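What you see is a predicted model, and the numbers here were worked out from it, not measured in a lab.
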Amino acid sequence: MPPLAPPSWLDVLQDELNALEDQALRRRLRPVSPRSRVIDLHGRSLINLAANDYLGLASHPHLREAAIEAIRTHGVGAGAARLITGHTPLHEVVEARFAAFKHAEAALILPTGYMANLAVLTALARPGDLVCMDKLNHASLIDAGRASGATVRVYPHGGLEKLERLLRQHADATAGSQTGDRPRAFIVTDSIFSMDGDPADLPALCDLAERYDAMLIVDEAHGTGVLGDTGAGLAEAQGVAERVHVVVSTASKALGGLGGIITGPRIVIETIINRARPFIFTTAAPPAQVAAIDAALNVLRDEPWRRHRVIELARRLRESLGLPGLQSEIITPIIPIIEGPAPAAQALAAHLEAHGFYAPAIRPPTVSPNASRVRITLRADLEDADVDRLIACLADWRTKRADTVAKP
């Protein structure tokens, strides 16, 4: 028999990949060997300006030792979901400690931050409820809102007037409902928006949540470990840690490991344990990862210079670039350099790589069309000389681009 022809759907997929290639939007995996401040890419050593390891904890000796010791004691895998045999005394101890760190009653660790966001919204929101999302929220929050079955409405980034209109309309429409059956309202926001590095106005969101009896859920992925007096995040930095109802943190960024941690009132955590499919039906985070979270909290307590250092570097780079927002008290390690079209962002990324820096282009659908950028993420273990060279490299790029635009 002659060989069967390849299925037609493979041709369709190839055509779609080709279209992405033509638009400079196709993504490819590039093997990177993490070495903290320096990475190895195809045999070249590059300064790492792309990771979310803001404090340099991913290779910190305390985290390594804690994870190795946990493997010796508990083994590699958790073996089952938390409600079967995956829950260990270590999970319980670290959750209690993380709750105290976040000024909350209770905490719950899931394998990833993405799963934690899914767990929160699918357990708490239901059809008929209103979920109000900032337009620039992380994809995991958007997916979680849709998966909950609630009505999801998006307000403009930081658009508190539109948010209040949505909440007021919901309150008016549900005013006659019985308390037990009344549709609920949720305000859902990132604390630090991952592509721009700007903060949410959590005090104003707390005011709206209290005025309209809404639940405020904040994703502190990029604030945890970096901001606040103890590194607890933006809610601590803005003085509203006790007013935010539910916080989702991640151990995969400033804390150097992996895992999503939900903190809030104990009754909320118990509800998630009993209702959240992403929690009930998945294997627990391995003990080694839980131990790494515990060790990261020790480093945050004992080495506060790390968060002070990364914020000072960010302030210096922003000033050199003339970026707005320096009047804000909240400076973050995320610094976007928006180029517009995807090829322009790729050209900047190539320029940086040619000068020894790794910061790949961020393109749609991660960002809006014509808002492609290089997203520089600073880290506490960068040397002053690294930042000097980066500032000079970016100045050279601006000069070359200006010369190109000026040519007839």
Side-chain angles (χ1 to χ4, degrees), residues 17-56 58-59 112-114 136 138-140 190 192-198 221-222 226 250 252-254 256 258 310 313-314 317-318 320-321 323 332-382 386-387 389-398 400-401 404:
L17 287 173
N18 293 341
L20 290 175
E21 188 81 52
D22 292 342
Q23 300 168 59
L25 296 178
R26 185 169 180 176
R27 291 161 165 78
R28 289 181 172 86
L29 294 173
R30 304 176 74 187
V32 172
S33 299
R35 293 205 311 265
S36 300
R37 161 183 160 268
V38 179
I39 62 170
D40 183 87
L41 181 67
H42 302 315
R44 289 190 64 209
S45 293
L46 302 173
I47 300 298
N48 182 5
L49 300 178
N52 297 318
D53 183 21
Y54 303 122
L55 304 182
S59 59
T112 69
Y114 203 113
L136 297 188
H138 190 267
S140 60
D190 284 5
I192 302 300
F193 292 89
S194 60
M195 288 298 112
D196 292 286
D198 59 321
H222 294 275
V226 177
T250 181
S252 65
K253 296 178 172 57
L258 184 66
V310 76
L313 291 177
L317 183 57
R318 292 186 68 91
S320 75
L321 296 172
L323 293 177
T332 74
I334 301 169
I335 300 179
I337 303 177
I338 300 173
E339 291 292 307
Q346 288 180 305
L348 173 54
H351 175 80
L352 287 165
E353 188 170 321
H355 288 78
F357 298 101
Y358 182 65
I362 307 295
R363 298 162 288 161
T366 306
V367 293
S368 301
N370 217 36
S372 294
R373 67 198 64 192
V374 166
R375 171 183 175 268
I376 291 175
T377 51
L378 299 175
R379 44 190 302 125
D381 53 5
L382 288 173
D386 299 331
V387 180
R389 288 200 302 112
L390 174 61
I391 290 172
C393 179
L394 291 173
D396 179 58
W397 169 257
R398 289 198 300 270
K400 288 180 178 178
R401 189 176 59 174
T404 301

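Between Y54 and P333, the shortest heavy-atom contact is CD2-CB, 3.6 Å. Counting all heavy atoms, side chain and backbone alike, I391 lies closest to S320 at CG1-OG, 3.6 Å. Of all non-hydrogen atoms in H42 and P31, the two that sit nearest each other are CE1-CD, 4.0 Å. Minimum interatomic distance between P364 and S368 (heavy atoms only, all atoms of both residues): CG-O, 3.8 Å. In this structure, A24 and A342 approach most closely via the heavy-atom pair O-CB, 3.7 Å.
Judged by distance alone, with hydrogens and angles left aside, the side-chain atoms of R373 form a donor-acceptor pair with the main-chain N or O of M195 at under 3.5 Å. Put simply, the side chain of H138 never gets that close to the backbone of Y114: no donor and acceptor are under 3.5 Å apart. Within the 3.5 Å criterion, the main-chain N or O of H355 finds a donor-acceptor partner in the side chain of R389. Remark: side-chain polar atoms of D381 are not paired, donor with acceptor, to backbone N or O of G56 under 3.5 angstrom. Checking side-chain atoms of S45 against main-chain N and O of D40 turns up no donor-acceptor pair under 3.5 Å.
Inspection of the T366 and R27 side chains reveals an N or O donor paired with an N or O acceptor under 3.5 Å.
For R30, the salt bridge (Lys or Arg N to Asp or Glu O under 4.0 Å) partners are E353, not counting sequence neighbours. Listed by chain and number, the residues in a salt bridge (Lys or Arg N to Asp or Glu O under 4.0 Å) with R28 are E21 (sequence neighbours excluded).
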> Yes or no on side chain to side chain contact (heavy atoms under 4.5 Å, CB included) for V32 and Y358, after CA distance, side-chain angles and deciding distance?
Replying inline: CA-CA 10 Å; V32 172; Y358 182 65; 4.3 Å; yes
>> Using side chain to side chain contact (heavy atoms under 4.5 Å, CB included), reason through L348 and L394 one step at a time and then give a plain yes or no.
In response: CA-CA 9 Å; L348 173 54; L394 291 173; 4.3 Å; yes
> Can K253 and V226 be said to form a side chain to side chain contact (heavy atoms under 4.5 Å, CB included), step by step?
Replying inline: CA-CA 10 Å; K253 296 178 172 57; V226 177; over 6 Å; no
>> I'd like to know whether R363 forms a side chain to side chain contact (heavy atoms under 4.5 Å, CB included) with S372, so could you lay out the CA-CA distance, the side-chain angles of the two residues, the decisive distance to 0.1 Å, and finally the verdict.
In response: CA-CA 5 Å; R363 298 162 288 161; S372 294; 3.9 Å; yes
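Residues S36 and R379 have side chains in contact (heavy-atom distance under 4.5 Å, counting atoms from C-beta outward). Residues N52 and S252 fail the side-chain proximity criterion, which asks for heavy atoms closer than 4.5 Å. The side-chain heavy atoms of H351 and C393, taken from C-beta on, include a pair separated by under 4.5 Å.
Separation of atoms CG (L352) and CG (L46) is listed at 10.5 Å; rounding is to 0.5 Å. Residue T332 holds its OG1 atom at 9.5 Å from NE2 of H222, rounded to the nearest 0.5 Å. To the nearest 0.5 angstrom, D53 atom CG is 8.0 Å from N48 atom CG. Here N18 contributes atom CG and Q23 contributes atom CD; the two are 11.0 Å apart, rounded to the nearest 0.5 Å. For the atom pair CG (L390) and CD1 (I335), the distance works out to 8.5 Å, reported to the nearest 0.5 Å. Between the CZ atom in R318 and the CD1 atom in I334 there is a gap of 10.5 Å [rounded to 0.5 Å].
Put simply, the residue from D196, V374, N370 that forms a side-chain contact (heavy atoms from CB on, under 4.5 Å) with I338 is D196.
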